[in-house]
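Below is one structure, written out as structure tokens; comments come after it.
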Amino acid sequence: MSTLPVGSRIASPRCSRPIDPRVKILYLLWVFLIVGVVAHPFLQCLIFLVTVAVVYASRLSLWDLLKAGRFGMFMAGASWLLWIIFLRRQGQVLFALGRWHFTEPGVYNGLSVAVRIAAILLAFLVVFKTTSNRQIMTGLYRLRVSVPFAMVVGITLRLIPQLQAEHAIIQEAQRARAVDFDREGPLARLRKQLSCIIPLALRALKITSDLSLAMEARAFDPYARRTFSPSLEFATTDIVLLTVMGITLALSVVARVMGYGGLPEPWIAKSVR
Amino acid sequence: MSSLIQIRGLTYSYRRQEERPALQGVDLDIEPGEVVAIAGRAGSGKSTLCYALNGLVPQSFGGRIEGEVRVCGLDTRFTPVPELARHVGIVLQSAESQLVGLSVEEDVAFGLENVGLPREEVNARVFSALRTVNLDELADRSPWNLSGGQKQRLAIAAAIALQPEILVLDNPTAELDPVGKHEIIATIARLSSEHGLTIVIVDQELEEVLPHASRLILMDHGRIVREGKPAEVIDQAQELVQLGLKVPDVAHLAWQLRDRGRWSGPLPLSIDDAVQGLQPLANLPLPTVAPVERCGQYGETLIELENVSFAYPDGTAVLDNISLTIRRGEFLTLMGPNGAGKTTLAKHLNGLLLPTSGKVLVHGVDTRSSSVAKLAQTVGYVFQNPDHQIFSRTTAEELAFGPRNLGWPKQKITDAVSLALTRIAGQDRGHDDPFFMGLAERKLVAIASVLIMAPEVLVLDEPATGADHEAAMRIMHHLSDLHGSGLTVVIVTHDVSIAANYADRIVGLRSGRIVLDGTPRETFQRSEELRSCLLTPPPVAGVAQKLGEDFSSLYRIDEMVRIFSRA
């Protein structure tokens, strides 16, 4: 998430008609729910592969997205590793590296968490990169979300790339004062980040305050009736996609209720049993 | 006929600043179709007055208000801001902070959607407004990819799309390059002459605005201290100086000559008026006065760029085969339009960016083989906005940050902080919170926090941009003193007048290439190359060149005054 350049949205996905923003928002919700409902890591990997397929269908570069979301991907990898470390003495040992044991609960629980994070992140990035703020706001509004909430989401998304650009400048400004962010231990590095966090927080305040002023000066009133453009209408593709998502989610819930799709017994960690 | 804007006894204080009113007893009437320019030093109340016109003051800012502001007959204290926005469009100083949409079209449509217009009308008005500011062909572009001038024109389009009777512009050109400034002024002139819009414009630089203004208002300490026709107000040049304002260069030249009995009549506002006034003097036999060159003897090479090219990871090429040598003792300015590669080049000087091909040598050491932290001891870099840098609770802490990173001993840091404080503010200011300082002081703290590491070269990105004239002069005099004491200074600037008055070398860039390199005197005579860098010579050079061959090499007010005083 740290290198999304300002104004980096992709204008048109592969299909001849752009996907309705409501479908994209519901896709994000679908990924979020289905990776929560399904607990089996292999099924979650399958869902992750679906999100990868959506990346390709959207004409985006997977590598660029992974780079853009590298912090999230790092968190996913780190979670996996932590599960392996904490559950190294539980269950069947899959393999060992020296004194380190990779057990079934450690590897599979970690994989489950990592894939959840990666799938949600990838889905978020795809939607964010292929949908303008205006479409997101209109989509949320047409999904009966309140205007203030839709506007808050739209404005937050608009601010993310600007704050990333600000962070990059601030980091350069501190490097010019001999701060080496890549040296010394984690605590020292964290302390060095303070020199970025404080100016960034203050800049964020200034930017949001200026933006709210500019919005107000352009007749923005969160509680007044407003026009949401563009007008939205579902096409056949949208309906097909919504149907597929609806059916798969419903099936997953039913399957889980019936006892399928969860973690196999030997893989469940004792602490969460 | 009643005035479009009527202000009576307006006194206003921001929240928690009741003891320091931002506006005091302001009375003002503005008629339909007027173009009113407002000038004053930072904190004089100009922006507050702008916000009072569309109800942001007091409705959004809170605070205490007395008196009355009526716009199109509406009392701005009680009419909701969204309603007032249909009558008063406002454009703020920072173009980027106003961008709401992620496409040009979306941005203009935002206000129209807010007032609930039907979609068809939104579309029609968006394209009409974009046509007015000549941006209709960029409707699908991301506003973040526009130039500074284009972004500000977009903000104007977003304001006029609501079809207001009044357009208020708060310092719209402060952050723009000369091309951007020219675009905005031309747009404003067109909106006034073709669309009859009433315009209120706050601007630090009066030179370009005044030819289009019907009235000039000067403010100080929240009060209107003078108003009248621009020529009449400018004629009181001494008052402008006392108010911390910049006297337009041509008027300044004539004012200096008037003091010496060599100019009669009102002070000119344009180059042509100045030429007309000086022509009789220029025709007299004048003593030959050799122009004084600022450039002196320079020392050894400190930084050398050899065939440097640079492209960002996405493939955008910014620098193209640049070779440049910077010697000890130089005062060099990097100039050129937005996107020419000035800042990118400057960031190569201390290793913040590394060349894609070619090499940068600092004291003969390739920047690739050194760290930025190490290079910071030789080449200091000060960013444009001090707020990107300052984070400590006291000035002394802020100054000590760099030396601590370099691992200096405690006593050495204390001594260095003490010396730096003496230079910029005084020993007793060490405990001051830099966040509560004015822009000029924050910039000086930012400069000092880099200088404390004792670099041999100081690189500054737009040191005076965004500051008012008084603050800009304070910063530039400080840099001039530092240069006088032996520091090598490199500044990135759009301001030709800064280059003319302080630099002894100008390097002009265009599309990542160096197209100009020479002393200001040489540079300002190479009009072809200057134009290719989208730069214009300072107004005084324009006057000199129009006076004839004998004067064409002159570009500074002081040398013109010296020569014509002897006529």
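So you know, we letter chains A, B, ... as the sequences are listed, proteins then strands, and number each from 1.
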Where does [X] contact chain A at under 4.5 Å (heavy atoms): side chain, backbone, both or neither?
X	answer
B:Leu92	side chain
B:Lys374	neither
B:Asn123	neither
B:Gln93	neither

Quick check: closest heavy atoms across [X] and [Y], and the distance to 0.1 Å?
X	Y	result
A:Met215	B:Val100	CG-CG2, 4.0 Å
B:Leu406	A:Ala178	CD2-CB, 3.6 Å
A:Pro199	B:Phe391	CD-CB, 3.6 Å
A:Ala217	B:Ala85	O-CB, 3.3 Å
A:Ala219	B:Gly111	CB-O, 4.4 Å

**Request:** Among A:Met137, A:Arg225, A:Arg175, single out the residue with the greatest number of heavy-atom pairs under 4.5 Å to chain B.
**Result:**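 If we count pairs closer than 4.5 Å to chain B, A:Arg175 comes out on top.
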
**Request:** For chain B, find which of A:Ile207, A:Val179, A:Leu194 contributes the most heavy-atom pairs closer than 4.5 angstrom.
**Result:**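 Option with the greatest count: A:Val179.
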
**Request:** Kindly compute the distance separating CD (A:Glu172) from CG (B:Leu352), expressed to the nearest 0.5 Å.
**Result:**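 Rounded to the nearest 0.5 Å, the CD-CG separation comes to 5.0 Å.
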
**Prompt:** Got a second to check how far A:Ile170's CD1 is from B:His388's NE2, nearest 0.5 Å?
**Reply:**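 Answer rounded to 0.5 Å: 5.0 Å.
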
[atom1] ([X]) with more than 12 external heavy atoms under 6.0 Å:
X	atom1	answer
A:Arg189	CZ	yes
A:Met245	CE	yes
A:Phe74	CZ	no
A:Phe32	CZ	no
B:Phe435	CZ	yes
A:Trp80	CH2	no

**Message:** Does any backbone or side-chain atom of A:Leu211 lie under 4.5 Å from a heavy atom of chain B? Answer side chain, backbone, both or neither.
**Reply:**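 Both backbone and side chain.
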
**Message:** With a 4.5 angstrom heavy-atom cut-off, is it the side chain or the backbone of A:Ile155 that approaches chain B, or both, or neither?
**Reply:**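 Interface part for A:Ile155: side chain.
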
Return the option, out of [options], with the maximum number of heavy-atom pairs under 4.5 Å with chain A.
options	result
B:Gln98, B:Lys347, B:Arg119	B:Arg119
B:Leu99, B:Asn350, B:Asp387, B:Leu375	B:Leu99
B:Glu106, B:Glu96, B:Arg86, B:Glu83	B:Glu106
B:Phe61, B:Phe110, B:Tyr381, B:Tyr51	B:Phe110

**Asked** Checking side-chain contact (heavy atoms from CB on, under 4.5 Å) for the pair B:Phe401/A:Gln174: CA distance, chi angles, key distance, verdict?
**Response** CA-CA 9 Å; B:Phe401 181 66; A:Gln174 304 304 15; 3.8 Å; yes

Which side-chain N or O atoms in residues 446-454 of chain B pair as donor and acceptor under 3.5 Å with protein atoms at least two apart or in another chain?
| residue | atom | partner | partner atom | Å |
| --- | --- | --- | --- | --- |
| B:Ser449 | OG | A:Arg177 | NH1 | 3.0 |
| B:Ser449 | OG | B:Gln389 | NE2 | 2.8 |
| B:Ser449 | OG | B:Ala446 | O | 2.9 |

**Message:** Within the 4.5 Å heavy-atom criterion, are B:Leu56 and A:Leu213 side-chain neighbours or not?
**Reply:**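 Result yes, sub-4.5 Å side-chain heavy-atom pair found.
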
**Asked** With a 4.5 Å limit on heavy-atom distance, are the side chains of A:Gln162 and B:Trp144 in contact?
**Response**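 Touching, per the 4.5 Å side-chain cut-off.
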
**Message:** Once side chain to side chain donor-acceptor pair (under 3.5 Å) is applied, what residue pairs with a partner in residues 197-219 of chain A remain, sequence neighbours excluded?
**Reply:**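 Every pair satisfying side chain to side chain donor-acceptor pair (under 3.5 Å) with a residue in residues 197-219 of chain A: A:Glu166-A:Arg203, A:Lys206-A:Asp210, A:Glu216-B:Ser60, A:Arg218-B:Asp107.
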
